[in-house]
Amino acid sequence: QPWGDFHIGSHGCDYEKLKELLAGSLSHDNLKTILLGNLGDFFTPMGGPRDGAIGDIIPVQSQLFAVKKFLTEYQDVILAEVNAPDHEDWIYRASGIDIYEFLTEELDVPLVTAGGSVKVNFGEVSYDIMPYHKIAKFKSAFNLTHSHKRALELNRDADVVFAGHIHKPDYEVAWRNGHEVALIQIGTLETMESGSMYGKKEGF
């Protein structure tokens, strides 16, 4: 079950739904996850008054410790996490702090490059999962798994493609490269509108 786009720290995060999601992994011994990024909101103003948006969310440092606690508690169910080019990277560009190094140091959570490979074995059967936070090219507003199919053509073959980022979920089983593939686009827990009405402006 892919997890991502939680945006912990944003007041728009549905924390009750987060508790429900996390409880599921504790009640099923065989449920594992791959993290697709944006677990924390990690927003930081890039210019102008430095406190302009900070009052609207939990401070970045508090988010980091909350997400670190989450990763430590759930590391046994996390197969890997994929790097994200936006919220986590904003912190790096603004401060030089590497979110992934802070979050996963001393934890058994491997970091995978976008479009990399996570192999899952069930006895003699092996599945190759290609995870992304964001598949930047070939995004379609009409077919939310369009970019997943292009990744199979232009990046590499796989059995499963995971992606997040666009906050709209979709799922498709298709036939590509001579075998069945699963194309999975996750949604978000940041479902409650902020004062900026960003989602409505974007047409979500």
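Every heavy atom of this structure was used, including side-chain atoms; hydrogens, water molecules and symmetry mates were not.
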Check: [Y] and [X] side chains under 4.5 Å, non-hydrogen atoms:
| X | Y | answer |
| --- | --- | --- |
| Leu154 | Phe138 | yes |
| Asp14 | Met192 | yes |
| Leu22 | Leu18 | yes |
| His146 | Arg150 | yes |
| Val181 | His148 | no |

Could you note down all residue pairs passing side-chain hydrogen bond (donor to acceptor under 3.5 Å, both in side chains) where residues 21-35 supplies at least one of them, sequence neighbours left out? none

Could you note down all residue pairs passing side-chain hydrogen bond (donor to acceptor under 3.5 Å, both in side chains) where residues 110-131 supplies at least one of them, sequence neighbours left out? Ser117-Asp128, Asn121-Ser126, Asp128-Arg156

Do Val173 and Val120 sit in one hydrophobic cluster, given that two such residues count as connected whenever their side-chain heavy atoms are within less than 4.5 Å of each other, even indirectly? yes

With the 4.5 Å side-chain cut-off for hydrophobic clustering, are Phe65 and Val67 part of the same group? yes

Restricting to non-hydrogen atoms, name the atom on [X] and the atom on [Y] that form the minimum distance, rounded to 0.1 Å.
| X | Y | result |
| --- | --- | --- |
| Trp3 | Ile186 | C-CD1, 4.1 Å |
| Asn83 | Ala114 | OD1-N, 3.1 Å |
| Pro169 | Leu144 | O-CD1, 3.8 Å |
| Ile166 | Lys139 | CG2-CD, 3.6 Å |
| Gly4 | Leu39 | CA-CD2, 4.2 Å |
| Val82 | Pro131 | CG2-O, 3.6 Å |

Any donor and acceptor pair, going by atom type alone, linking the side chain of [X] with main-chain N or O of [Y] inside 3.5 Å?
| X | Y | result |
| --- | --- | --- |
| Gln75 | Asp108 | yes |
| His87 | Asp41 | yes |
| Glu81 | Val112 | no |
| Asn155 | Gly115 | yes |
| Thr104 | Val109 | no |
| His165 | Ile135 | no |
| Glu88 | Asn38 | yes |
| Tyr100 | Ala84 | yes |

Please lay out, stage by stage, how Thr72 and Leu107 fare under the test side-chain contact (heavy atoms from CB on, under 4.5 Å). CA-CA 7 Å; Thr72 303; Leu107 300 182; 3.7 Å; yes

For the ring pair His167 and His7, is the centre-to-centre distance below 6.0 Å? yes

Around atom OH of Tyr15, are there more than 12 heavy atoms from other residues, nucleotides or ligands closer than 6.0 Å? yes

Step-by-step side-chain contact (heavy atoms from CB on, under 4.5 Å) determination, Ile99 to Leu64: CA-CA 8 Å; Ile99 295 288; Leu64 276 172; 3.4 Å; yes

Nearest 0.5 Å, what's the [atom1]-[atom2] distance between [X] and [Y]?
| X | Y | atom1 | atom2 | value |
| --- | --- | --- | --- | --- |
| Phe102 | Asp98 | CZ | CG | 11.5 Å |
| Asp5 | Ile8 | CG | CD1 | 11.5 Å |
| Phe42 | Asp89 | CZ | CG | 12.0 Å |

